Amino acid sequence: MRDAEEFVCRCEEVKRESIEQAIKEGALTLDAVKRLTRAGMGLCQGRTCRRLVSRLIVEVGGKSREDLPPPTVRPPVRPIPVRSLIKGEDVL
Amino acid sequence: MKEKANVVIVGGGIIGSSLAYSLARRISGILVVEKEGIGSQASGSNYGMVWLQTRLAGLDLMMARRSLEMYEELVSEVFDLDIEFEKKGGMTVFRTVEQKTVMERVVQEQQKLGIPVRVVDALETHDLESALAPEIIGATYCPEEAQLNPILTTLAFARAAQRHGAIFKTGTEVTGIRTEKGRVTGVLTSQGEIETPWVVNAAGAWARGVAQMAFLELPVFPQRLQSLVTEPLAQRLLHRVLQGGRMVSQEEIDHPEKALSFAIKLSPDADEKSLPVEPLEDCIFPFLKPTRSGNMVIGTTSEFVGHDKGVLPKALSLMMQRAVEIVPRLKEVSIIRTWANFVPFTFDSLPVLGRVPELEGFLIAAGHAHAMSHAPATAEALAELIVNNQPSLPLEEASPLRFRQWHR
């Protein structure tokens, strides 16, 4: 049993109801849902919630899975410490 | 049957969306054609700043001030989304006495224009933002500068426009402009043809390509900004936007008026080849924006590389190097996302607003390097121009006619 209060994006604490609301308002891609709700903008950058949001777009938005464009994945794949980018700093 | 509209706006970024709102309040039949989604490009990924300190005297400053007033009104009376509008001010920090001397003279000039900015001493600077590096000896501070969430602002404009009956066709690409006897009669899109007497080119960094469909040359070029965002900081900064570490050149010391703006200024008759190509080290302009969510948005580069959206590890490294010189605490966090976007660049750093004599019904609303600072005022003035030919701002300064050699 899934309820409206459950967190779909744990990093940004976005609930299922907010995502469904965004989809009903016409956000029919992962990027559009992200822009409206912040789902996928947190520390894991959508690695956890991507599939769940896709499924909601299919179920609630009525979009076919094949028509769903892949999300824009931006580097880095995993968070990188700022220290590792700075000259003369030891990476912990 | 062909679709019909009174005005077709090409581009669903902040300029297209705000113009749709300003027009839809006045007339019906407003249609926005957007090749991707609302705010998919620069409007969804820029810094979300309403600047005053970087404005040029004249229309530029006038539009920013009016936009600032209008945002407050829009936030309280029109928008149904919280756009995270915060007027907490912006600071340009400096580390050397030499830089301070130049910035003092710059601020004097800005005060003459009525910009509410002042130089603050070390004590007040660190009081305003305690996370700053101890080496920072002062700053210019403009408490009226504001920040907002650019994505939500663009969406809020689009939703307000829709409430007034405007239609947004997303995922629809304009492929041609139909003309007859020197006037616009319609646009061709990937989803069919639309009949219309007015076409507004609000395609931002892609405006040149849209103008070419009407056989017009518009010197608006993509300028790449690389950016990154960190995870939220444990202890948040005070939401003031920081700029700094800028090298003050000998030329600026001799002619402080040249330091008045960060803008690159070239003659309007310059051509593509005049766009500066410099080593990456010289293209870094440190910028830090603490967002409401606690993440720090950090920029930026300013490069001319066409529409290449690449992010360079070297650029990230250079930007972070400069950023930790301003806020050392950033060393303790990680970067979670990087991106590049394109803001439109014009030779005199002013947008291009108005009609073109060659084609009746074709209006340009593009070339905003600081679109968030200008959108509400631009939209009102252009809506007035379309509806009754009486814009309440002197748009002549931004007229397309200033690019003489580009109009053959």
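Note: hydrogens, waters and symmetry copies are ignored here, and every other heavy atom, side chains too, is used. All chains are named by letter (A, B, ...) in the order of the sequence lines, taking the proteins before the strands, and each is independently numbered beginning at 1. Computed from a predicted structure; not experimentally measured.
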*Asks:* May I have the step-by-step check of side chain to side chain contact (heavy atoms under 4.5 Å, CB included) for A/Ile86 and B/Lys331, ending in yes or no?
*Replies:* CA-CA 9 Å; A/Ile86 299 174; B/Lys331 264 186 228 170; 4.2 Å; yes
*Asks:* I need the B/Ile335 CD1 to A/Ser84 OG distance, nearest 0.5 Å.
*Replies:*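 Atom-to-atom, B/Ile335:CD1 and A/Ser84:OG are 7.0 Å apart.
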*Asks:* Measure the spacing between CZ of A/Arg38 and CG of B/Asn295 and express it to the nearest 0.5 Å.
*Replies:* 5.5 Å
*Asks:* Side chain to side chain contact (heavy atoms under 4.5 Å, CB included) between A/Arg35 and B/Ser40: does it pass, once the steps are laid out?
*Replies:* CA-CA 9 Å; A/Arg35 282 197 289 269; B/Ser40 277; 3.4 Å; yes
*Asks:* List the atom of A/Leu36, the atom of B/Leu152, and the distance in Å for their closest heavy-atom pair.
*Replies:* O-CD2, 4.3 Å
*Asks:* With a 4.5 angstrom heavy-atom cut-off, is it the side chain or the backbone of B/Val229 that approaches chain A, or both, or neither?
*Replies:*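 Neither the backbone nor the side chain of B/Val229 comes within 4.5 Å of chain A.
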*Asks:* Taking the side chain as C-beta and beyond, is there a heavy-atom pair between A/Ile80 and B/Ser334 under 4.5 Å?
*Replies:* no
*Asks:* Check each atom of B/Thr154 against the heavy atoms of chain A and say whether the ones under 4.5 Å are side chain, backbone, both or neither.
*Replies:*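 Contact with chain A: none, neither part.
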*Asks:* Return yes when atom CZ of A/Arg47 has more than 12 non-hydrogen atoms of other residues, nucleotides or ligands closer than 6.0 Å, and no otherwise.
*Replies:*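 Atom CZ in A/Arg47 is packed in, count exceeds 12.
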*Asks:* Rounded to the nearest 0.5 Å, how far does CG of A/Leu43 lie from CZ of B/Arg337?
*Replies:*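 Those atoms lie 11.5 Å apart.
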*Asks:* I'd like to know whether CZ of B/Arg163 has more than 12 heavy-atom contacts from other residues, nucleotides or ligands below 6.0 angstrom.
*Replies:* yes
*Asks:* Given that the side chain runs from C-beta out, which part of B/Leu318 has a heavy atom under 4.5 Å from chain A: side chain, backbone, both or neither?
*Replies:* neither
*Asks:* What is the distance from atom CZ of A/Arg74 to atom OG of B/Ser227, rounded to the nearest 0.5 Å?
*Replies:*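 Nearest 0.5 Å value for the CZ-OG distance: 9.5 Å.
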